[in-house]
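The next block holds one structure in the form of structure tokens; read it before the comments.
Naming: A, B, ... by sequence-line order, numbering from 1 per chain. Keep in mind that the numbers below use all heavy atoms, side chains included, and drop hydrogens, waters and symmetry copies.
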Number of protein chains: 2
Amino acid sequence: MIYSSELIKGTLKTIVLKLLADNKKMYGYEITQKVKELTLDKIQITEGALYPTLHALESDGLVTTETEFIGKRVRKYYSLSPSGKNKTKEKVSELADFMETMKFLLDIKTRTV
Amino acid sequence: MIYSSELIKGTLKTIVLKLLADNKKMYGYEITQKVKELTLDKIQITEGALYPTLHALESDGLVTTETEFIGKRVRKYYSLSPSGKNKTKEKVSELADFMETMKFLLDIKTRTV
DNA sequence: CAAAGATACATAAGAATCTAATGTATCTGA
DNA sequence: TCAGATACATTAGATTCTTATGTATCTTTG
């Protein structure tokens, strides 16, 4: 089972930030594979979604980049900047809070009018 | 604190379906107020988001409508159709599953390479 | 050793879904 | 009376994703 795409919307940035917080530095392709692995294939981040997100994080100053060559092939590593670390904490705790709220909403058994 | 809007994206349809499952029939404005109340103002559904969603649910055959007049003012009640009830179960359990996955993703403490 | 599949970057058109603004109209309480 | 709440609805624009495409290198396998 793969989650319907709408569910992923809005959480991608937080997922990426959190992965970077846990793994120090990662490159794009690695992120897609890591998410796929950690979620047992339930979340598959496409490159068309990931790269624009990474670029946005960079232009917002939340991540810094360094390029490395593996043979002739380029690899672009992303790391959290100090403000990126703060942002990560904010986004993660907001998402955790949101999930609590949603869990409550989904469990409610109220009067059937 | 109000959740950043991107978080709501993709969950609105599920929230509405679940509310209808619990409350038999509801009208649009009532839904906005109910969500606001149940989430202590953390989730505020705007009408610009809600009405198109309700109309989409209707044209998908997931809800049926009945109009009622309160004085001269019209009120449009929405109820789940049989397929809407099935859809609600699907969407709710998918979202619950998704939240488990996200919780795992957010809590992971892995090697710092 | 050729070809397929994996690795690795990137962009772009289009779809989906929300925000913010606007519109109309009625009801209620101070 | 008049502001605020109730109640419907639409629309322009923004955001963010999907799907497709492009380029190039590396690795594995028949």
Whole-Å distance, A:R75 CZ to C:dA6 P, equals 17 Å
Validation: residues 62-75 of chain B side-chain donor-acceptor distances under 3.5 Å, sequence neighbours left out:
| unit_1 | atom_1 | unit_2 | atom_2 | d |
| --- | --- | --- | --- | --- |
| B:T65 | OG1 | B:E58 | OE2 | 3.2 |
| B:R75 | NH1 | B:Y77 | OH | 3.2 |
| B:R75 | NH2 | B:Y27 | OH | 3.3 |

Hits for side-chain contact (heavy atoms from CB on, under 4.5 Å) against A:S93, two or more places apart or cross-chain, chain-then-number order -> none
d(B:E90 CD, B:N86 CG) to nearest 0.5 Å is 7.0 Å
I'd like a list of close polar pairs between nucleotides 24-26 of chain D and the protein, N/O only, cut-off under 3.5 Å.
| unit_1 | atom_1 | unit_2 | atom_2 | d |
| --- | --- | --- | --- | --- |
| D:dT25 | O2 | A:R73 | NH1 | 2.5 |
| D:dC26 | OP1 | A:K72 | N | 2.8 |

In numerical order, the residues of residues 44-67 of chain A whose heavy atoms come under 4.0 Å of DNA chain D are A:T46, A:G48, A:A49, A:T53
note: B:I43, atom CD1; C:dC18, atom P; distance rounded to Å ~ 12 Å
### Side-chain N,O (A:Y27) to OP1/OP2 (C:dA8) below 4.0 Å
yes
Taken to the nearest whole Å, CG/A:L12 to C1'/D:dT18 is 13 Å
Residue pairs meeting salt bridge (charged side-chain N to carboxylate O under 4.0 Å, His left out), one or both in residues 91-101 of chain A, sequence neighbours left out, come to A:K91-B:E6, A:D97-B:K42, A:E100-B:K103
Taken to the nearest whole Å, OH/B:Y3 to P/C:dC18 is 17 Å
### Message
So, does B:K13 get its side chain near the phosphate of C:dA16, meaning an N or O under 4.0 Å from OP1 or OP2?
### Response
no
To the nearest angstrom, the OH-C1' distance between B:Y78 and D:dA7 comes to 11 Å
Those residues at least two apart in sequence (or on a different chain) that pass side-chain hydrogen bond (donor to acceptor under 3.5 Å, both in side chains) with A:S79 are none
Between CD of A:E6 and P of C:dT17 the distance, given in whole Å, is 6 Å
Sorted by chain and residue number, the salt bridge (charged side-chain N to carboxylate O under 4.0 Å, His left out) partners of A:D41 (sequence neighbours excluded) come out as A:K36
By ring pair (Phe, Tyr, Trp, His ring centres under 6.0 Å), A:Y78 pairs with (sequence neighbours left out) none
- Look at the side-chain N and O atoms of A:K9 and state whether any lies under 4.0 Å from the OP1 or OP2 oxygen of D:dT18. no
| Is the backbone N or O of A:G61 less than 3.5 Å from a side-chain atom of A:S83, with the two atoms forming a donor-acceptor pair by type? | yes
Of the candidates C:dA8, C:dC18, C:dA10, the side chain of A:Y29 sits closest to C:dA8
So salt bridge (charged side-chain N to carboxylate O under 4.0 Å, His left out) across residues 46-55 of chain A, not counting sequence neighbours, yields none
B:Y77 atom OH is separated from D:dT6 atom C1', nearest whole Å, by 12 Å
